Novice: 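My structure is below; once you've seen it, I'll send some questions.
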Amino acid sequence: MTQLTFPSHFVWGVATSSYQIEGAWNEDGKGESIWDRFAHTPGKIQDASTGDIACDHYHRWPQDIALMQSLGIPAYRFSINWPRVMPEGQGRVNQAGLDFYDRLVDGLLAAGIEPFVTLYHWELPQALQDEGGWPARKTAESFPVFADYITRRLGDRVRHWITLNEPWCASFLSYQVGEHAPGWCDWPSAIRAAHHLLLAHGWAVPVIRQNAPKAEVGITLNLEWVTPASNHPADLQAARLRDGYFNRWFLDPVFGRFYPADMMHHYQQTVGDIFDFIQPNDMDIIGVPLDFLGINYYTRFVARSGPQTAVLPVAHATTPDTERTDMGWEIYPEGLFNLLNRVHFTYQPAKIYITENGASYHDTPNKNGRIHDQHRIHFLHRHFIAAHRALSNGVPLAGYFVWSLMDNFEWAKGYQERFGIVWVDFQTQQRYPKDSAFWFQNVIQTNSIPLIDP
Ligand code: IFM
């Protein structure tokens with residue numbers, strides 16, 4: 001046996017998100033999002049760039065669909081920019097914005113590409129942020145209305161819906177760490193934001209089901225494989241806290257288990273008595289049964305006990321000889337295998353899609369215009385093997401989306417990081433498939449990967 005074959009209906013795809021590729025930040029009636037405001041604020045983005053133009057996908061989507069078609073990509077995960085459709089986040093609908101996504105879906109289907117649509121990949125309308133943002137319950141109440149407009153328009157054709165992308169990023173990274181929009185650094189606000197994001201998810205699911213009765217509905221969580229730096233009790237405790245903060249805080253409520261008791265207790269001790277925002281029935285709404293769980297996996301977290309004063313006394317242990325991508329993230333395919341098994345055996349989702357996995361490498365085209373991104377091929381190959389091993393273990397893994405179709409705006413890092421399997425020249429907007437794109441094409445065509453490392 002020289003090849004590992006995937007199940008016949010396994011879904012292979014690529015993923016993007018609206019702000020990272022669309023550009024056209026203020027065209028055709030689009031409202032301002034928190035990312036427009038954040039990127040326009042000096043000092044927030046490392047290379048001082050913005051997503052104003054990004055990959056200009058708003059204008060170049062027909063070529064981008066043709067590109068995917070030429071690479072034989074069967075499924076495409078993209079997201080809807082909320083203020084493009086509802087400029088103030090509630091009330092008025094911008095028909096031109098809805099039309100854009102309508103054409104995109106039609107174009108994908110005509111090209112034989114299955115759309116997987118994420119409703120929220122972080123572009124909160126600035127108008128809703130001005131009224132409190134995700135820490136305010138009102139923002140959660142606006143979300144199912146937005147979901148209703150989108151799914152009434154696209155629900156006859158889109159068969160796979162993802163409510164939220166990575167609620168940890170939209171809450172803690174955005175309202176506690178301050179690295180993402182709107183850039184707050186406040187623990188109680190972040191914990192409230194997480195709750196309201198999950199509530200928004202829970203409210204949106206029945207709305208989507210009503211408008212798209214034949215569709216699958218799920219949520220995408222970014223999960224880490226957390227390991228302690230040593231067997232010292234303090235490091236074991238650090239690993240438990242990191243896992244609670246990053247993974248269990250979202251997994252437990254989404255699977256109907258309330259928030260993890262140890263973390264509630266921990267936050268009560270360190271942040272204060274803040275849980276008054278949980279209203280009767282909230283947890284039942286959040287725990288609505290799903291058709292699938294989307295998992296975004298990139299790396300592991302090695303936890304060691306950190307400074308004792310912070311809410312989260314956990315540090316990321318660094319090991320000098322660790323293999324890393326150009327972004328500095330540890331390459332740890334075993335973590336994907338472990339995580340898939342853990343989620344399967346602990347939470348038993350009906351189905352799992354890996355909705356993102358990939359790596360940033362800074363390769364540039366050679367004089368012939370070729371991009372030999374061998375590291376990325378190596379990275380993907382090892383992660384595909386991990387996914388295949390999980391399948392053999394009985395994990396109901398139904399598909400795998402590579403992040404990303406093309407190089408794009410990598411949030412606070414701007415354009416310094418390149419996750420695409422297609423290289424983008426941001427001056428000319430020309431796209432150049434990297435070697436990994438052709439390698440992936442072959443994986444898709446054969447529905448298998450070589451056992452031996454390419
Ligand atoms: O670019 C992001 C994406 O928007 C969400 N998941 C992680 C990717 C890489 O950082």
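Predicted model only: the values in this text are computed from it and were never measured. In each ligand, atom 1 is the first atom listed, and ligand 1 is the first ligand listed.
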Novice: Does K351 come within less than 4.0 Å of E216, counting only side-chain N to carboxylate O?
Specialist: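 The answer is yes: the pair qualifies as a salt bridge.
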
Novice: How does E417 reach ligand 1, by side chain, by backbone, by both or by neither, if only non-hydrogen atoms under 4.0 Å count?
Specialist: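 For E417, there is no contact with ligand 1 at all, from either part.
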
Novice: Specify whether Y245 and W187 have parallel, tilted or perpendicular ring planes, treating 30° as the upper limit for parallel and 60° as the lower limit for perpendicular.
Specialist: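 Aromatic pair Y245/W187 classed tilted.
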
Novice: Say whether Q20, considering both its backbone and side-chain N or O atoms, lies within less than 3.5 Å of an N or O atom on ligand 1.
Specialist: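 Among all N and O atoms of Q20, at least one is under 3.5 Å from an N or O of ligand 1.
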
Novice: Do T16 and Y76 have side-chain atoms, one donor and one acceptor, less than 3.5 Å apart?
Specialist: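 Judged by distance alone, the side chains do pair up.
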
Novice: Counting from 1, what ligand 1 atoms have a heavy atom of E410 closer than 4.0 Å?
Specialist: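 Ligand 1 atoms under the 4.0 Å threshold to E410: 1 (O), 2 (C), 9 (C), 10 (O).
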
Novice: H121 heavy atoms, cut-off 4.0 Å: which ligand 1 atoms fall inside?
Specialist: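 It comes down to these atoms of ligand 1: 3 (C), 4 (O), 5 (C).
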
Novice: Identify, by atom number and element, the atoms of ligand 1 in contact range of E166, meaning under 4.0 Å from any of its heavy atoms.
Specialist: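 Taking each heavy atom of E166 in turn, ligand 1 has 5 (C), 6 (N), 7 (C) under 4.0 Å.
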
Novice: Determine, for R418 against D373, whether the closest basic-nitrogen to carboxylate-oxygen distance falls under 4.0 angstrom.
Specialist: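 Salt bridge: no.
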
Novice: Just so I know, are the side chains of W225 and R342 near enough to count as touching, which here means a heavy-atom distance under 4.5 Å?
Specialist: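 When only atoms from C-beta onward are counted, R342 and W225 do touch, with a gap below 4.5 Å.
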
Novice: Checking contacts here: is it the side chain or the backbone of W329 that comes within 4.0 Å of ligand 1, counting heavy atoms only? Could be both or neither.
Specialist: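 Within the 4.0 Å criterion, W329 contacts ligand 1 through side-chain atoms alone.
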
Novice: Against F384, only a single residue in W12, F10, F379 fulfils ring pair (Phe, Tyr, Trp, His ring centres under 6.0 Å); can you say which?
Specialist: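 For F384, the ring pair (Phe, Tyr, Trp, His ring centres under 6.0 Å) check succeeds only for W12.
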
Novice: Are any of the N or O atoms of E356 closer than 3.5 Å to those of ligand 1?
Specialist: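 By distance alone, the answer is yes.
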
Novice: Is the closest N or O pair between N296 and ligand 1 shorter than 3.5 Å?
Specialist: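 No.
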
